[in-house]
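Proteins come first, then strands; the chains are lettered A, B, ... in the order of their sequence lines, and each starts at number 1.
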There are 4 protein chains.
Amino acid sequence: MSDALQIRKAPRQRRAVHTVDALLEAAAQVLEADGLEGFNTNAVARRAGASIGTLYQYFPSKDALTLALLLREDQAFHEAASATLTLPTCREALAAFIVVCARQQLNRPQLALLLDQQEDRPDFRAALHGKFRFRALLIAILSKAGAPAHLQDDQRKDLAAADLLALMRGMTDSAGGRGERDADDLAHRIGAAAFGYLDAAPRQM
Amino acid sequence: MSDALQIRKAPRQRRAVHTVDALLEAAAQVLEADGLEGFNTNAVARRAGASIGTLYQYFPSKDALTLALLLREDQAFHEAASATLTLPTCREALAAFIVVCARQQLNRPQLALLLDQQEDRPDFRAALHGKFRFRALLIAILSKAGAPAHLQDDQRKDLAAADLLALMRGMTDSAGGRGERDADDLAHRIGAAAFGYLDAAPRQM
Amino acid sequence: MSDALQIRKAPRQRRAVHTVDALLEAAAQVLEADGLEGFNTNAVARRAGASIGTLYQYFPSKDALTLALLLREDQAFHEAASATLTLPTCREALAAFIVVCARQQLNRPQLALLLDQQEDRPDFRAALHGKFRFRALLIAILSKAGAPAHLQDDQRKDLAAADLLALMRGMTDSAGGRGERDADDLAHRIGAAAFGYLDAAPRQM
Amino acid sequence: MSDALQIRKAPRQRRAVHTVDALLEAAAQVLEADGLEGFNTNAVARRAGASIGTLYQYFPSKDALTLALLLREDQAFHEAASATLTLPTCREALAAFIVVCARQQLNRPQLALLLDQQEDRPDFRAALHGKFRFRALLIAILSKAGAPAHLQDDQRKDLAAADLLALMRGMTDSAGGRGERDADDLAHRIGAAAFGYLDAAPRQM
DNA sequence: TATGAATGAGTGTTCATTCAT
DNA sequence: AATGAATGAACACTCATTCAT
């Protein structure tokens, strides 16, 4: 279980690097085109123009392939999202973060949706810092100057980060599914909900 | 495609009604316990104490079974949600609607999550008025007295309904996945985001 | 691992019983004809005139099938061997035991040889009392009247039983491989070695 | 069939000799560590620190590798066994022969067991004089002074050699499998059976 | 000469679905 | 109406072997 999700061997020759790339891109395309039910290793290999044996030389299992795709897709996304941390205030950073997320999602919406669902699988959760890295990012943003007073508490901050992430994910997935293409408009609407969430008074219990 | 998703025959005898109920409840339990990957017709029949042949007498395909389960789960939910239409103002109705959704989701969170995902399948979308019924409901709520002025436009109302639904779904699924149990607290947080969304000024383009 | 080797479901209808029998006999024939390397589930199903799905309805894995075959082959053999316990003296019982073994082995020599090898697999050892039942039998025989004095010690008895079993197995497998057909002659030669073994003075250390 | 089992090319350079040795030793280790089911060419090459291509430069097939290993393991063994021919009497030579066998087997028991089984494969039998060489040796021993009178007949001598070899193989494999380490004690027990076999009167038919 | 990337037939196994009883 | 035996296409994965570099 531990190494069953790791890449099997690092490609050394240039040809091999190209093959791995082709396999990952093929995986993305199959997932987009045929959904989870059409996502099988034979189809991925075929679309990559590789043999099934080649696929398994680099990925020890179907799950390892999926995970590698997840990581690849999160890569650039996470870097862009991290850059928002340089902004001084909570509101600025959050707004920028939302824009980054919306753009990412509308880029390849079908793919993003399916990968979002895969990220929730417990075995992936374990092998992945991804989701949690995004949450950590959001927590850092909520710790910046100008954050609502009631978010001083770490526990509340944690919950707020989870809520905001979920809200964003829900809205972006839905927008992607409906074929929206204007990321900035989507970001604006998400921002409305997110800032509404932050500015609301906490519930009195 | 036309009848492949319809129930095969209406159960006439009381015993048959009971069998169908048992099959649906078994389907729900298998889905909750073993997830999508453990959800297969043999397992459902076994858990229902019925034979696989019996299952196929009432459901012409696995998809028909899934769809029937979806409808069953939406039934009570939809009724409770409809009741909120009796409330006079938009804010009251929306608040009540959110409470209903949160309670529904936290009732059987795992099941609700998986069914939410199934609802997105294109073939189900087509055969299902469900999702759209909820959207229609929400549109009706947004047409009540006290709704933001910028939602006069039908197209904007449509978009807002989709956004709010997505936002709620994202937050409830996430809360359910984290094991939250306090539906009213969850509803309060969702409300914060939802009303924030509604009260925000529309984007100037 | 625990139930992966057990039969999956007991056949209820007469047709099913027949199918299971056919599968086991097909397994035996494939093993005899094509050896371990030709022994695969598809070949077994094909020879049984069944589909691969049917095979897996009764045997949850290839190993379960192999194990079931092992048990089937040991069944009659073990019963006949047990009957030798009714004989009064150690020498009579052992002689009879050897005859039973020789006959069993020369009956389907190729099959017996391959099954002997399978019996040594650790996972089968665990799931099987078989081999040990034979050893227990032999130990009981060595405890009868007329057994050599130096076999009073339980540990020595144990070792002697293992040695005799191994000796018999080696000689019968070899005879079977060479195509011998005269079980009584083989038994006579085995007896010579076995009684020589028993009558020899233990080593002075 | 003719050259598929032969070594592909004799290693000329010293480096190549070393490579072949490393491959054979790696084969032995893989066989010991992981059994027949873990014994594959990729694993052997990896353990030898060579590439799969290199392996196939020296061994045209997996079987050729196995066969070469068999020959290597028999080499020293056969030489030691041959030396017993210098002893004058049948009993002395046989006793010495047994000791040599026991020591060989307990040296690397797991390996010896698996190679014993491979030796029985028909295609190996054909390509191998090994087994028969040992039988020839034993026949020579049985022709020495002091051999039982009833072994004058060549056919009987042949059968006795086969029986004794099988008996020894059975007992040594079993002892090795049980983890025995005292080769001399094992040899003593084998001797008891072997001499018992020789001294017994032939069966009257 | 050595490498390791690539191949693809083959194997174990699952599961939706049918149909004789 | 209910059963459960049977089917077989489909899929994950392995491994002996080849060949361009």
Side-chain angles (χ1 to χ4, degrees), chain A residues 4 9 11-20 37-45 49-65, chain B residues 9 11-13 15-16 19 37-46 50-63 65, chain C residues 4 9 11-20 37-45 49-65, chain D residues 9 11-13 15-16 19 37-46 50-63 65:
Chain A
K9 70 176 175 191
R12 306 206 178 160
Q13 303 178 5
R14 204 178 320 154
R15 179 169 55 142
V17 174
H18 178 256
T19 301
V20 169
E37 69 185 60
F39 180 60
N40 64 263
T41 53
N42 291 292
V44 169
S51 73
I52 183 65
T54 296
L55 188 156
Y56 277 91
Q57 284 216 339
Y58 298 105
F59 303 99
S61 68
K62 183 187 183 185
D63 282 350
L65 173 66
Chain B
K9 67 179 173 189
R12 308 215 173 150
Q13 303 180 6
R15 178 168 57 145
T19 300
E37 70 185 55
F39 180 60
N40 64 265
T41 52
N42 290 290
V44 169
R46 200 181 320 122
S51 72
I52 183 65
T54 296
L55 188 155
Y56 274 89
Q57 289 220 330
Y58 294 106
F59 303 99
S61 70
K62 185 188 183 184
D63 281 350
L65 173 66
Chain C
K9 71 176 175 190
R12 304 204 178 161
Q13 303 179 4
R14 204 179 318 155
R15 179 169 56 141
V17 173
H18 178 255
T19 300
V20 169
E37 69 185 60
F39 180 61
N40 64 265
T41 51
N42 291 291
V44 169
S51 73
I52 184 63
T54 296
L55 189 156
Y56 276 91
Q57 283 216 338
Y58 297 104
F59 304 98
S61 69
K62 184 188 183 185
D63 282 350
L65 173 66
Chain D
K9 66 178 175 192
R12 307 215 174 152
Q13 303 179 5
R15 178 170 55 146
T19 299
E37 69 184 57
F39 180 62
N40 64 264
T41 52
N42 291 290
V44 169
R46 198 181 321 123
S51 72
I52 184 66
T54 298
L55 187 155
Y56 275 88
Q57 290 222 328
Y58 294 107
F59 303 98
S61 69
K62 184 188 185 186
D63 282 349
L65 173 66

message = Could you tell me if the side chain of A:Tyr58 sits less than 4.5 Å from the side chain of A:Leu65, heavy atoms only?
response = no

ask   = What's the closest nucleotide to the D:Gln57 side chain, out of F:dT7, E:dA6, E:dT1?
value = E:dT1

For nucleotides 10-13 of chain E, which of its nitrogen or oxygen atoms have a protein nitrogen or oxygen under 3.5 Å away, and what is each distance?
{"unit_1": "E:dG12", "atom_1": "OP1", "unit_2": "C:Lys62", "atom_2": "NZ", "d": "2.9"}
{"unit_1": "E:dG12", "atom_1": "OP2", "unit_2": "C:Thr41", "atom_2": "N", "d": "2.9"}
{"unit_1": "E:dG12", "atom_1": "OP2", "unit_2": "C:Thr41", "atom_2": "OG1", "d": "3.0"}
{"unit_1": "E:dT13", "atom_1": "OP2", "unit_2": "C:Tyr56", "atom_2": "OH", "d": "2.6"}
{"unit_1": "E:dT13", "atom_1": "OP2", "unit_2": "C:Lys62", "atom_2": "N", "d": "2.7"}
{"unit_1": "E:dT13", "atom_1": "O5'", "unit_2": "C:Tyr56", "atom_2": "OH", "d": "3.4"}

query = Between B:Ser51 and F:dT3, does any side-chain N or O lie under 4.0 Å from OP1 or OP2?
reply = yes

key: Distance in angstrom units between A:His18 NE2 and F:dT21 P, rounded   = 15 Å

key: Rounded interatomic separation in angstrom, taking CG from A:Leu65 and P from F:dC11   = 15 Å

ask   = If you measure from CG on D:Asn40 to CZ on D:Arg46, what distance do you get to the nearest 0.5 Å?
value = 7.0 Å

note = Closest to the 5' end of DNA chain E, once A:Gly49 and C:Gly53 are matched to their nearest nucleotides, is A:Gly49

query = Going from CG on D:Asp63 to OG1 on D:Thr41, what distance comes out if it is rounded to the nearest 0.5 angstrom?
reply = 11.0 Å

note = Of all heavy-atom pairs linking C:Ala64 and C:Pro60, the shortest is CB-CD, 3.5 Å

key: Closest non-hydrogen atom pair between A:Gly38 and A:Ala43, with its separation   = O-CB, 4.0 Å

key: Short side-chain N/O contact from C:Thr54 to OP1 or OP2 of F:dT7, under 4.0 Å   = yes

ask   = Counting any heavy atom closer than 4.0 Å, what does A:Tyr58 reach on the DNA or RNA strands: base, sugar-phosphate only, or nothing?
value = sugar-phosphate

key: A:Ala16 side-chain proximity, nearest of F:dT7, E:dT3, E:dA6   = E:dA6

task = May I have the distance from C:Leu55 (atom CG) to E:dC15 (atom P), rounded to whole angstrom?
result = 16 Å

ask   = Is E:dT21 paired to anything, Watson-Crick or G-U wobble with both distances less than 3.5 Å, and if yes, which nucleotide?
value = F:dA2

note = Comparing C:Ala50 with A:Arg15, nearest DNA chain F nucleotide closer to 5' gives the residue C:Ala50

Exercise: identify the closest heavy-atom pair between A:Tyr56 and A:Lys62 = OH-N, 4.2 Å

Base partner of E:dT7, which must satisfy Watson-Crick or wobble distances under 3.5 Å = F:dA16

request  = Could you tell me the separation between the CZ atom of D:Arg46 and the P atom of E:dA2, rounded to a whole number of Å?
outcome  = 20 Å

